[in-house]
Amino acid sequence: MTRPQNASTPAKLIPNLGLKERNTFGLDAVAEFAYDISSAEQIPAVMSDIAKQKLSWRILGGGSNVILPSTLAGATLLMNILGQEIIKADDEAIYLSVGGGVIWHDLVSWTLENDLPGFENLALIPGTVGAAPIQNIGAYGVEIGEYIDHIEAFDVKDQAFVTLQQDACRFAYRDSYFKQHAGRFIVTKVVFKMPKSWQARIHYADLAKQFPDNASPSPEEIFLAVCKIRTHKLPDPKVIGNAGSFFQNPIIPNEQYETLLRTYSDLVSYPDTPGKRKLAAGWLIDHCGFKGQRMGAVGVYENQALVLVNHGGGTAQDILGLAKCIRDKVHDKFGVTLQIEPNIL
Ligand SMILES: Cc1cc2nc3c(=O)[nH]c(=O)nc-3n(C[C@H](O)[C@H](O)[C@H](O)COP(=O)(O)OP(=O)(O)OC[C@H]3O[C@@H](n4cnc5c(N)ncnc54)[C@H](O)[C@@H]3O)c2cc1C
């Protein structure tokens with residue numbers, strides 16, 4: 001179990017901090033001032049400094065879902081609040097409190113080592129625990145929102161610490177109340193509710209294929225299978241810069257889906273809420289001929305059309321230029337508008 005740092009220490013201020021190693025696209029970016037936030041108690045003084053100096057500001061977790069400009073003017077808050085502990089248990093669940101700066105995948109491994117299954121489908125998603133609720137991270141049929149009991153955050157608008165229960169977080173596909181109110185909440189702690197009854201969730205085709213003769217694999221077996229699939233399918237940001245899926249899977253009305261299906265019988269899609277269908281954005285991009293294409297220093301990953309990559313030396317403008325070409329082509333061909341998933345800071 002890790003412990004948070006001494007709360008009374010003021011946040012460390014670092015001028016001109018290079019962020020190339022702290023964003024998975026590997027973009028060359030410099031933060032004019034960075035605050036190293038290692039405890040929640042440091043935040044009110046930091047925000048008061050920022051307000052007094054009328055600085056622009058933003059939050060940076062692990063940098064795995066952001067597109068950074070070359071200079072981040074004003075203040076950048078580096079979320080490094082650590083600590084994880086089991087705080088209570090009842091008949092149904094065990095409650096786990098985790099600091100916003102804990103690395104998500106480390107937490108997944110820790111929960112399995114401590115016999116708290118549930119997160120195994122979400123293994124190897126880069127980034128921090130505090131960022132996980134922002135876009136309600138999800139993979140292989142599981143979203144983090146379903147495991148969240150409540151979230152503690154600093155509300156910048158009201159200059160006060162707040163607690164948001166799960167239903168107030170309005171989790172949806174790659175969406176949450178925090179994302180809808182970007183720049184208002186600084187997530188300091190997430191309290192997870194881990195149900196005592198556990199069931200394998202391997203209904204996603206890629207995952208099911210890993211267990212042809214085993215309908216009830218253990219959490220550890222699922223964890224290993226997810227790690228294997230992801231390592232094979234997604235580029236390692238340490239080797240080639242990327243932010244995972246660059247576009248959200250578009251959700252369209254059933255009628256529009258039926259029309260598209262008449263022309264494209266192999267269109268890949270998944271059921272969504274009643275009357276809606278979720279299309280595989282990667283399939284749409286691939287069928288516009290983008291897979292493996294390069295545009296200067298950036299391009300579309302050769303094994304997965306949903307992933308844009310920085311081959312080295314690319315800028316935010318390069319990535320957004322390529323994204324625009326893709327969005328325009330997909331719209332012209334299929335009449336579907338793609339939404340960019342990473343946050344443009
Ligand atoms: C190879 C790869 C694979 C990926 N696979 C998946 C996947 O399967 N599923 C998925 O959902 N995502 C995936 N992602 C995206 C990414 O990992 C997640 O969105 C992750 O939660 C981002 O965490 P981070 O700490 O890096 O956040 P950052 O990229 O630093 O920030 C993301 C956003 O959250 C805000 N933010 C960060 N921390 C806080 C905080 N404490 N309080 C308030 N706001 C905050 C930032 O301001 C920014 O707007 C993938 C990314 C990569 C590179």
Side-chain angles (χ1 to χ4, degrees), residues 19 22-27 29 31 37-38 40 43 57-68 72 75-82 98-108 119 121-145 151-156 162 164 169 171-190 204 206-207 226-227 229-249 301 303-304 306-310 340-345:
L19 296 174
R22 199 164 169 147
N23 77 99
T24 58
F25 255 127
L27 297 170
I37 308 284
S38 57
I43 295 175
W57 67 280
R58 81 286 306 154
I59 307 167
L60 190 63
S64 63
N65 209 21
V66 287
I67 303 170
L68 301 182
L72 284 85
T76 299
L77 274 54
L78 305 176
M79 299 309 293
N80 292 323
I81 302 172
L82 301 179
V98 188
V102 169
I103 300 298
W104 171 257
H105 179 74
D106 292 351
L107 178 68
V108 176
F119 293 162
N121 292 44
L122 304 175
L124 273 194
I125 298 181
T128 56
V129 166
I134 308 298
Q135 73 154 8
N136 184 21
I137 58 165
Y140 303 103
V142 174
E143 287 181 345
I144 194 55
I151 287 180
E152 294 182 18
F154 186 74
D155 181 346
V156 177
V162 290
L164 281 94
C169 298
F171 291 120
Y173 169 64
R174 298 291 188 273
D175 199 15
S176 71
Y177 189 69
F178 307 102
K179 191 166 174 181
Q180 289 158 16
H181 295 82
R184 176 165 171 190
F185 297 101
I186 304 172
V187 174
T188 56
K189 187 188 275 186
V190 181
Y204 251 55
D206 273 0
L207 195 50
V226 168
C227 291
I229 302 169
R230 292 185 68 104
T231 310
H232 176 72
K233 216 167 102 175
L234 292 168
D236 179 352
K238 289 194 194 93
V239 180
I240 182 163
N242 75 93
S245 303
F246 194 86
F247 297 101
Q248 295 177 5
N249 288 324
Y301 187 50
N303 294 336
Q304 168 56 272
L306 196 48
V307 178
L308 301 198
V309 293
N310 175 12
I340 292 178
E341 190 179 294
N343 302 271
I344 302 161
L345 292 193

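The basis for the numbers below is simple: all heavy atoms, side chains too, and nothing from hydrogens, waters or symmetry mates. Residue numbers run from 1 in the order of the sequence given. Both ligands and their constituent atoms are indexed starting at 1 by order of listing.
- Which of Gly62, Ser64, Gly61, Ala132 comes nearest to atom 22 (C) of ligand 1 through a heavy atom is settled by distance: it is Ser64.
- With a heavy-atom cut-off of 4.0 Å, Asn343 touches ligand 1 through its side chain alone.
- Nearest protein heavy-atom neighbour of atom 28 (P) of ligand 1: Gly63 N, 3.6 Å.
- Closest heavy-atom approach to atom 7 (C) of ligand 1 within the set Ser245, Gly138, Gly244: this belongs to Gly138.
- Every pair passing side chain to side chain donor-acceptor pair (under 3.5 Å) that includes a residue from residues 126-140 is listed here, sequence neighbours excluded: Asn65-Gln135, Gln135-Glu341, Asn136-Glu143.
- With a heavy-atom cut-off of 4.0 Å, Pro126 touches ligand 1 through backbone and side chain alike.
- Among all protein heavy atoms, the one lying closest to atom 42 (N) of ligand 1 is Val187 N, 2.9 Å.
- Ring orientation note: the planes of His181 and Tyr177 are tilted relative to one another, at an angle of 30° to 60°.
- Every residue meeting the ring-ring contact (aromatic ring centres under 6.0 Å, His included) condition with Phe119, not counting sequence neighbours, appears here in chain and number order: Trp104, Tyr147, Phe192.
- Proximity to Ala243 (heavy-atom distance under 4.0 Å) selects the following atoms of ligand 1: 51 (C), 52 (C), 53 (C).
- Nearest protein heavy-atom contact of atom 14 (N) of ligand 1 is Ile125 CG2, 4.2 Å.
- Counting protein heavy atoms only, atom 27 (O) of ligand 1 is closest to Ala131 CB, 3.3 Å.
- Counting atoms of ligand 1 from 1 in the listed order, those under 4.0 Å from a heavy atom of Ile186 are 42 (N).
- Atoms of ligand 1 found under 4.0 Å from any heavy atom of Met79, numbered from 1 in the order shown, are 41 (N).
- Nearest protein neighbour of atom 8 (O) of ligand 1, counting heavy atoms only, is Arg230 NH1, 2.9 Å.
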